[in-house]
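Scroll down for the structure; my scribbles are underneath it.
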Amino acid sequence: MGSRSAAAVPASTPELLIIASSNPSKVAELQAMLAPVQLRVQQQPEGIDIEETGSTYLENARLKAAEVARLTGHWTLADDSGIAVDALGGAPGLYSARYGSSNDERIGRLLGELGDGPYRSASFHSAVAVANPDGEIKLEAEGICRGEILLQSPGQNAGYDSIFWVREAACTYAAMNQHQRSKLGSRGKAMRQIAEHMRQLFGI
């Protein structure tokens with residue numbers, strides 16, 4: 001899906017762009033991807049917990065962006081991501097973060113359900129949305145990264161990206177550097193779609 005803008009004329013450049021996440025690693029990754037846009041970026045305030053009730057990644061991204069924007073009074077960017085394994089009918093998908101109570105449980109469950117079968121194709125999906133301080137969605141985009149699931153996890157407390165092999169990068173998703181994540185990663189592809197539109201939206 002391509003990005004869209006609901007603004008007919010450039011909006012005023014925001015003094016601050018909130019990232020609707022309490023995950024420092026995700027915030028750092030998104031901040032690096034936003035560097036070309038030259039906006040001041042900050043993690044959402046503590047204590048905010050938005051329930052993800054959408055039926056798609058994009059619906060969840062919109063919901064989080066809109067709610068955090070209204071709560072903080074700032075422009076907000078949110079994303080929602082997940083991994084879909086073809087042989088599991090697209091699972092865990094939207095429930096990737098809830099597939100277990102820890103990384104070890106999530107990885108163990110996924111590898112156990114997949115077994116040692118030869119069909120291990122999978123994809124990371126990401127959706128991003130940008131909302132103005134009133135909670136109106138102004139930009140949105142989606143990205144997909146195709147790969148395959150390894151037979152085993154490399155170690156304890158490893159996330160899905162540690163067992164997701166990206167052929168184009170010749171390494172796991174976890175081992176990709178920032179340039180590779182921006183070019184090949186699902187979040188990077190979505191962010192690249194909206195970066196130029198953000199410049200146009202804010203007149204920068």
(request) Verify whether the ring centers belonging to Trp165 and Tyr173 lie closer than 6.0 Å. (result)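 Here the rings of Tyr173 and Trp165 have centres that are no less than 6.0 Å from each other.
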
(request) With sequence neighbours left out, write down each residue that passes salt bridge (charged side-chain N to carboxylate O under 4.0 Å, His left out) with Glu113, or none if nothing qualifies. (result)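 Per chain and number, Glu113 pairs via salt bridge (charged side-chain N to carboxylate O under 4.0 Å, His left out) with Arg109.
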
(message) List the residues meeting salt bridge (charged side-chain N to carboxylate O under 4.0 Å, His left out) with Arg187, not counting sequence neighbours, and say none if there are none.
(response)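 Only Glu29, Asp79 meet the salt bridge (charged side-chain N to carboxylate O under 4.0 Å, His left out) criterion with Arg187.
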
(message) Set out, in order, the CA-CA distance, both residues' side-chain angles and the distance that settles salt bridge (charged side-chain N to carboxylate O under 4.0 Å, His left out) for Glu67 and Arg70, then state yes or no.
(response) CA-CA 5 Å; Glu67 288 297 314; Arg70 284 192 285 263; 2.6 Å; yes

Specify the closest pair of heavy atoms between [X] and [Y], including all atoms of both residues, with the distance to one decimal.
| X | Y | value |
| --- | --- | --- |
| Met176 | Ala169 | SD-CB, 3.7 Å |
| Ser126 | Ser81 | OG-OG, 2.8 Å |
| Ile163 | Pro154 | CG2-CD, 4.1 Å |
| Ala61 | Ala127 | CB-O, 3.6 Å |
| Leu17 | Met198 | CD2-CE, 4.0 Å |

(request) Report the distance from atom CD1 of Ile144 to atom NZ of Lys189, rounding to the nearest 0.5 Å. (result)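 Answer for the CD1-NZ pair, Ile144 versus Lys189, is 8.0 Å.
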
(request) For Arg40, enumerate each residue passing the side chain to side chain donor-acceptor pair (under 3.5 Å) test, keeping only those at least two apart in sequence or located in another chain. (result)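 In terms of side chain to side chain donor-acceptor pair (under 3.5 Å), with neighbours along the sequence ignored, Arg40 is linked to no residue.
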
(request) Check side chain to side chain donor-acceptor pair (under 3.5 Å) between Gln178 and all other residues, then give those that pass, not counting sequence neighbours. (result)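 Listed in chain order: Ser182.
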
(message) Can you classify the ring geometry of Tyr57 versus His125 as parallel (below 30°), tilted (30 to 60°) or perpendicular (above 60°)?
(response)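 Rings of Tyr57 and His125: parallel, as their planes differ by under 30°.
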
(message) Taking CD in Glu136 as the centre, count heavy atoms belonging to other residues, nucleotides or ligands within less than 6.0 Å. Is the count above 12?
(response)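 More than 12 within 6.0 Å, yes.
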
(request) Sequence neighbours left out, what pairs pass salt bridge (Lys or Arg N to Asp or Glu O under 4.0 Å) with at least one residue falling in residues 120-132? (result)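 Checked against salt bridge (Lys or Arg N to Asp or Glu O under 4.0 Å) - neighbours excluded - no pair reaches residues 120-132.
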
Table please: side-chain donor-acceptor pairs of residues 86-93 below 3.5 Å, with sequence neighbours left out.
unit_1	atom_1	unit_2	atom_2	d
Asp86	OD2	Ser121	OG	2.6
Asp86	OD2	Arg146	NH2	2.8

(request) List the steps, then state whether side chain to side chain contact (heavy atoms under 4.5 Å, CB included) holds for Val128 with Glu140. (result) CA-CA 5 Å; Val128 295; Glu140 59 186 33; over 6 Å; no

